[in-house]
Amino acid sequence: MSLLSTAPRLLVDVAPRSTWKSPWKRVTVIAGMTVTSFWLVVLITLSWWAPYKPLDAVGGRLQAPSWHHLFGTDALSRDVFTRTLYGARQTLPVSVGVIVCAVTIGTVLGSLAGFFGGWIESVVMRLVDVTLAFPPIFLAMAVAAALGPGLQNAFFAMVIVWWPIYARLIRGQVQAVKHRDHIQAAVSIGATRWRILRKHVLPLSFTPALINATLDLGQVVILTATLSFLGLGAKPPSPEWGAMITDGAQFFYQWWVAVAPGIAILTVAMSFNFLGDGLRDALDVRAKR
Amino acid sequence: MTSTSIEAPLVQVRDLVKEFEVRRSSWRTQATTLQAVSGVSFDISAGEALALVGESGCGKSTTARCVLRLTEPTSGSVRFDGVELTELSSGELRKARKRFQMVFQDPYTSLNPRMTVGEIVGEPLLVHGANAAEQLARAAELLEQVQLGADAADRYPHQFSGGQRQRVGIARALALSPDLIALDEPVSALDVSIQAEIIRLLQHLRDELGLAFLFIAHDLSVVRHLSHRVAVMYLGKIVEVARTADLYSRPAHPYTKALLSAAPIPDPLIERDRVRIVLTGDPPTPVNPPSGCRFRTRCWRAESLCAEVEPPLIDIAEGHKVACHFNLWS
Amino acid sequence: MPFLLLGIVTIAFCISRLIPADPLASIVGVRQMANPTIVAAARQKWGLNGSILEQYWVFLKNLVRGDLGISFRTRKPVTHDLLDRLPATLELAVGALVVGGVGGVALGAYAASKKDKMADHLSRGFSLLGSSLPVFWIGLVFLFVLYARLGWFPGPGRLPPRTKPPGHVTGFYTIDSLLDGNFTLFRQCLWRLVLPCFVLGWAYMGQLSRLVRAAMLDEINSDYVRTARAKGLAERLVMRRHVLRNAWLPTLTILGFSFAQLLTASVLTETIFQWNGIGSYAVQSANTLDFPGINGVSLFAGLAFLLANLATDVLYAVADPKIRLA
Amino acid sequence: MSDLTTPPLLEIRDLHVRFAVRNGQVHAVRGLDLTVHRGEVAAVVGESGSGKSASMLATLGLLDINASASGSVRFDGTELLGAPPPVLRSIRGGRIGMIFQDPMTSLNPVLDIRRQIAEAVITHRQVSPRQAESKAVELLEMVSFPDAVRRARSYPHELSGGMRQRVMIAMALANDPDILIADEPTTALDVTVQAQILDLLRSLRQSRELAIVLITHDLGVVAGLADTVNVMYAGRIAESGPVVDIFHRPQHPYTIGLLASLPRLDRPDRELTPIGGVPPRLYEEPEGCSFAPRCRYAVEACHEVEPPLERVEASMVACSVLPMRSRTAEGSL
Amino acid sequence: GSSKKSATTAAPTGTGSQSTTAPSGTTAPSGTTAPAGTNAPSGGAHELVIDRDMDINSLDISASYCDTCQIFNTAVYETLITVDPADPNKLLPRLATSWQANTDNTVFTFKLDPAAKFADGSQVEAKDVKFSWQRLGNLKGSASYLMAGMKSIDDSDPTTVVITFDAPNSAFLPIVAASYLGIINSDVATAQGATDAADAATADKAGDWFLAHSAGSGPYQLESYTQGDKLVLTRNDKYWGAKKPAFPRVTIAEVKDSSSQLQQLQSGDADISMQISVDAVGQLQGNADVTTKIVDSYNYVYIALSPGAAGGEKLQDVTVRKAIKEAIDYDGAIQALVAGKGKKQASPIPNGFIGSAGLPLPEYNLDDAKKLLSAAGLADGFELDATYPDANVYGVDFNLMMQKIQQDLAKVKINLKLTPIQFTDWITRINAKGIPVTAVYFAPDHTDTSQYIQYFGLIPNSFWAGSAGGGAAGKPMDNPKESDLLKQALGSSGDAKAKAYTDAGQQMIDDEIIIPIVNTQLVLASRTNITGMHYSACCNLDLGLLGLAG
Ligand SMILES: Nc1ncnc2c1ncn2[C@@H]1O[C@H](COP(=O)(O)OP(=O)(O)OP(=O)(O)O)[C@@H](O)[C@H]1O
Ligand SMILES: Nc1ncnc2c1ncn2[C@@H]1O[C@H](COP(=O)(O)OP(=O)(O)OP(=O)(O)O)[C@@H](O)[C@H]1O
Ligand SMILES: [Mg+2]
Ligand SMILES: [Mg+2]
């Protein structure tokens, strides 16, 4: 219905956008960026300054936190703090990789489905529906179990879990963008469908996926840890955070073993959340739908 | 100006029908059909401006889109310069598109926000095989033509006002030097003070370039300034077609008359003394149109015949057609 | 929808058969795996002979009759096992849904009404915390602090260890204890639900409150809210009658999806809180390669997802007159 | 029609509205002066974004939370700006009714219309819900809502645009207000339906001695309904005066330009003269007259000093050049 | 036996017994024959709650094979003979009043106690014994091996059982004391579809029935079992034995982790917690309501080297295996894994079993290990696949253990690639192709040493002979001396038997296939008012002996 077509549009001539709405937003975005860069720096430079080696026995067994061992030591006398820092090398690349792959697959399939419709859409969306009907962890567990443990296989499992979300998102976006007049305009000048998809549809559909990807990064970090916690992720002795928590869970009264990796997950997940929120603001996309 | 020549008109539309499947809600699966355009026929000669007017939802845009085959018509024929458009393959159609272009109503959604104005205007050329240099030169030329200035090329749409954006849209439509441009309410989204600029630009283009226009509007006063002939649509059908001056001075269809009388005139002295025909009710929905004459439910002249027999569109004077059993001339 | 179920079942079946290990190992035990006659007999008995396609066909045929097979691990019909554990999981899930749903809506609405004030930031921070912490970690921390150290909350498990479960009517201990007229037991059961439900509901609460807040803010700026104010309505009424009622609609749409996430999280919560529900059944089935169990759980999860979606649709239809009367 | 000697019913003086946005603020209304008398139809016209809605919302305290208003708004002797919420609430919907541009989004989609109208009644009167509902049906009948009794339980989406606007009007008039503020009441409607609504407003105003503030950008509508016209430009009044004066003896270059750019049904051969240029950006504080950059008559001083609103003949005009003054005002159209 | 947990996620399970060689002084042991009176207070109305991470694979005694099953079987069924809790090498009468073996240990005769009655009041007769034992053998479950070599059972006299073996089997009397050889009421079981026929493995239909019912003569009866939740036993009010069961009801509650078990014990929610980890025990100090003791057990965890496994080629050289053995820091491992609460163990025969004494304990000798490796031309190190079950058994976390061993082996440049997998998967792999380095655990099924040679020795049909040789894909390893020694032992008794077992132990050390890492100790934790807490090698915890003080 074009009921509104005759209404003059509100010319929102606001100042050029560059920063975030509220001080809170600014604080969170800065916090997000700081923490993320902290982990990035840690990840890259760690080998040069880490207090200990992640696999070496140092100090005594299950020592409580002290100045020598900020977060104590574990049962094999390894420094928990050092291991937690090294954990970033496991978790972060995997999480980013999962999201990149999921977004790529989701974008390709979702945009094909949304743009061409017909049987392509049916097939893709059925696949999406079926995959989404599995609670993610069941699916990841099943896939990881089928492929065997290991971070690599957990990686595949998580990509399988995540791509449909993006496929659905992108498809929705593509369908929305598809009805914009500039697509019709592109058709009317005789552009091919590929060109339209590439130049006119995808660039406009991608923003929400990007924002979602940032927000989801935190969730992937958590799922990675979860799979490791269930024994389906990283193999020992790698200092993966979830695996460290599993170790720690056995030493319930030696609480420090599990605390540091938990905090690491928290900071990473939260900062990605902040970044995603900030990005959403910066790119000015509605939170909804 | 009107072409009454022997040669065939540029565009010949016959019995155009377009149906949409509408789903009532997401979880009920049965669909109903909605006939947005139900058997529309008209001609446009080369260089002629034909206006389609009518209330919201009467099928104007759909008609235009079907003519340009931006939507597939359900049935009917559209001949463009002797070529049956509805039968072209997609490849042929893409080539044929050079000759007919479209300008859209909403200057905000009709431009790709991620492309510069230069790219937008140059894209038609690119698609049809021009090289970069040609494209650049032509884009600059076109931007001058729509009075934007060539330096606009490097900027993005959001940096322009509505009127300026609409000029970009027009420049894009002109890029391939088409023979026909369909304009879907090109000024209705614009502020009054800016409307005039676009109307002037269009008038200018019409006279300078000799293009045929299919001009869609709901505002009768705008149409009057731009078109040679006017077709009035009501609920998917054309109820009256006539030369502009004829239609405004002597409307034959009660609906046309009501439409004219409802349009306010910005002059208090005149406006207060006008005799108005105020129609009752709203236009019915195309999902379930009235039998016989579709206007009869709101027509003050309707009789029982109107409910039974659909009035055909007949010539009542040279070039003046009306679809009414009891037209105002009789 | 039938297609979806078939898809789920098929994928579950495929995945379970993709697993490189031989499920017989869990049936015949390590000592007898080398004994071919025993292995063959067990294969026959548990329907693991024949090609994958044959097995799949048999599986489907049984499925149509509602027979999910016998669990390799518990040696009982999977349907029976699932139904047995369903009340535990539902009790937990409903509790979490209440915590997360009520908490999420309240928090979201509160945050929206205090937009950009300190209270807004705090409540958003709180909900964000919920979705940024791994459930299993929160569970451990809570158990350590609130149970082991402070003793404020009861420990894991559905019932105090020495208590007999209430008479079995529904399988929900809370309901059954009420039916028995045993209020002490009811209180105890409820009390034991608090920690796991909170742990499970927190992440959900975070997500929901965020959504509710966004939806509320959307609605607060909508034209009809302005109309309501223009009528002279008190702000309280505007919020309740106009804003919340509409913000509820977009919130509904994620409920179905969230339910699936609840199930996900319940796998971990049940493990941590020793809740003998479907989540722990899933983990155990996966760990022992109990094919019928794995398939059953997958089917259950898919079914739950579908039902949740259906329920969402129905709720939506009830709440939204546009759909109701269309 | 209106008695200009009695004290005005609504008097707005030097109203400023600012919206806080990401990087500063939008100064949307910049010292608006407006007077409405009892029983008078005062039109406010102006381009999109010129602050028409913002100023009326400020009057009723209905601005978004990122807005701040200053100045003075007196309604029947009461200062409304900064008034305590209960006072404002009793006036809103009680003595001032308001209808909005888009009748689709202005009605709550999940409540039926009878309830929404009844709500307006109950808020201001001690009546039972039942009474309120029958009153709602009465009101619907008053605005010629067809088949009001039966269709009172409809939901907004089941109604056409015109019907919805009637519901809005019924709601605004539920408590016999003194003023109806109509923010573009017909913009979203088809011409034939617009004619119906305008008819309705005309008859209501006659039967009830209702003052109407008619916000619109359609000068045709103004010509048919208004007694006085206030032309807004960039958050200020450019010119205000009796309707005939504005249309036939416009003084402000913007008014002149506006009228000259208007296509008219009755004058097909008239050349349209666009104003040219673009409206100013409201987050920049301009120096001098905000219309100066687009003004054909602007002199150097226009870019430096903001002209005050001064009486010129029957109108008030904010222009230091007054191009028409020297000429005969006759036949400017 | 090993890997009894048919397959579980395996949190710690602790079976074990009071060791003869290291009596750490458990509470006063009392068998059925032990003078009653002092420790026969009735539990009154008190219902006993035991916390345990259960690993039940079946409640059908003849099909069961798990640590918890041993507890259950012992409480519900009775064996003909039982082991003296104070001395695992001493046998005491139970259903049988007397027994004798012929000289070459091929024929055994048991006299049943005429007073013995099943819970339904019917007499325990020779036909029940025959039925139970034949069924155990024919069901082909994991415990069926206990009946290997049985030729016939004569039940012509209802009170006399005569069982004949193909070959000498001096281990049989201790085996009779194993919980799996408990006696089922054959009439009841047959009525439920049980059979002892040769085709019992497929024909027997009573498995499901046994999940909810029991048919034994023991002090308790099965009330209900909810997998993953609890196992509930009720008192057998008609128990025929001298020591009447003390508690009207015994609940074994599934409580997986050590910390919860500890909490519940502290709060009195549980009377006994069976798997409190050594790292948590400190929390109980100073709590007068709880009694804890750390005692020796026969349980141990070990790593196994399989030269025949795919990828295990480097291990074919016995010096390499020896080097690996010497490169492991046992004391460090015991410290890291169980906080020092464990012992080193020389051979697969656990400390305290006949044949374990006098064997050399493994030594950590890094230099020698390096030397051995250079001699083998592997001074630059190599890589080995170490796939092991992701389990935590007897308080030892395998992940931790393997990481420790990985750390140690890294010092001789051997790179262990660790892959924890699910138990089922592990079983599949070890049987199919073997695994170069893996970790497993073992608890005894009975008190005779023969089980260790049968399982670990490189003799025909031994599990490790096959797996170390590469599973089904390879060729079993063979050390004929061990077969001879086993035969010798089964055919003899007394010192000769002990000597044979010791020699076999030395052989197994020299094989360098099985490397025991730690012989774990157990935390015995119960409320102080619980009496009769003790562990036995054959049957874990004997519920019938428990009582309530005061
Ligand atoms: N894609 C579509 N699917 C379903 N119905 C459609 C679709 N496009 C248009 N319609 C319906 O077809 C009818 C005619 O629509 P159309 O857009 O052609 O009207 P219009 O005359 O251009 O109206 P307006 O002046 O509001 O632009 C309307 O009832 C509309 O709801
Ligand atoms: N909530 C808001 N936040 C920021 N700017 C706003 C807000 N509401 C309105 N504005 C700005 O205030 C200015 C005036 O808006 P207003 O709605 O009063 O214009 P109007 O004259 O009613 O226009 P229209 O004819 O389009 O309705 C516009 O520039 C608009 O962008
Ligand atoms: Mg249209
Ligand atoms: Mg407005």
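Chain letters run A, B, ... following the sequence lines, proteins first, then strands; residues in each count from 1.
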For [X] against [Y], the heavy-atom pair lying closest together:
X         : Y         : value
Ala249(A) : Leu140(C) : CB-CD1, 3.7 Å
Ile263(A) : Trp137(C) : N-CZ2, 4.0 Å
Phe274(A) : Leu128(C) : CE2-CD2, 3.1 Å
Ala133(A) : Ile8(C)   : CB-CD1, 3.5 Å
Ser132(C) : Met270(A) : OG-CG, 3.3 Å
Ala148(C) : Tyr253(A) : CB-OH, 4.4 Å

Pick one of side chain, backbone, both or neither for [X], based on which atoms fall under 4.5 Å of a heavy atom in chain A.
X         : value
Leu143(C) : both
Val297(C) : both
Ile138(C) : neither
Leu133(C) : both
Ala301(C) : both

Original post:
For Val161(A), which residues count as a side chain to side chain contact (heavy atoms under 4.5 Å, CB included) partner, sequence neighbours excluded?
Top reply: Pro136(A), Leu139(A), Ala140(A)
Original post:
Got a sec, which residues hit side chain to side chain contact (heavy atoms under 4.5 Å, CB included) with Asn221(C), two or more places apart in sequence or on another chain?
Top reply: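 With neighbours one apart ignored, the set is Asp64(D).
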Subject >> Criterion side-chain contact (heavy atoms from CB on, under 4.5 Å) on Leu266(A) and Leu129(C), from CA distance to verdict >> reply: CA-CA 8 Å; Leu266(A) 173 69; Leu129(C) 209 59; 3.6 Å; yes
**OP:** For atom CZ of Phe156(A), decide whether the heavy atoms of other residues, nucleotides or ligands shown that lie under 6.0 angstrom number more than 12.
**Re:** no
Original post:
Is there a side-chain contact between Ile272(C) and Phe229(A), using heavy atoms and a 4.5 Å cut-off?
Top reply: yes
Subject >> From Arg210(C) atom CZ to Asn273(A) atom CG, the distance as rounded to the nearest 0.5 Å >> reply: 4.5 Å
Subject >> Main-chain N/O of Val141(C) paired with Trp255(A) side-chain donor or acceptor, under 3.5 Å >> reply: no
**OP:** Would you sort out whether Leu6(C) and Val130(A) count as a side-chain contact (heavy atoms from CB on, under 4.5 Å), showing the intermediate values?
**Re:** CA-CA 9 Å; Leu6(C) 183 71; Val130(A) 170; over 6 Å; no
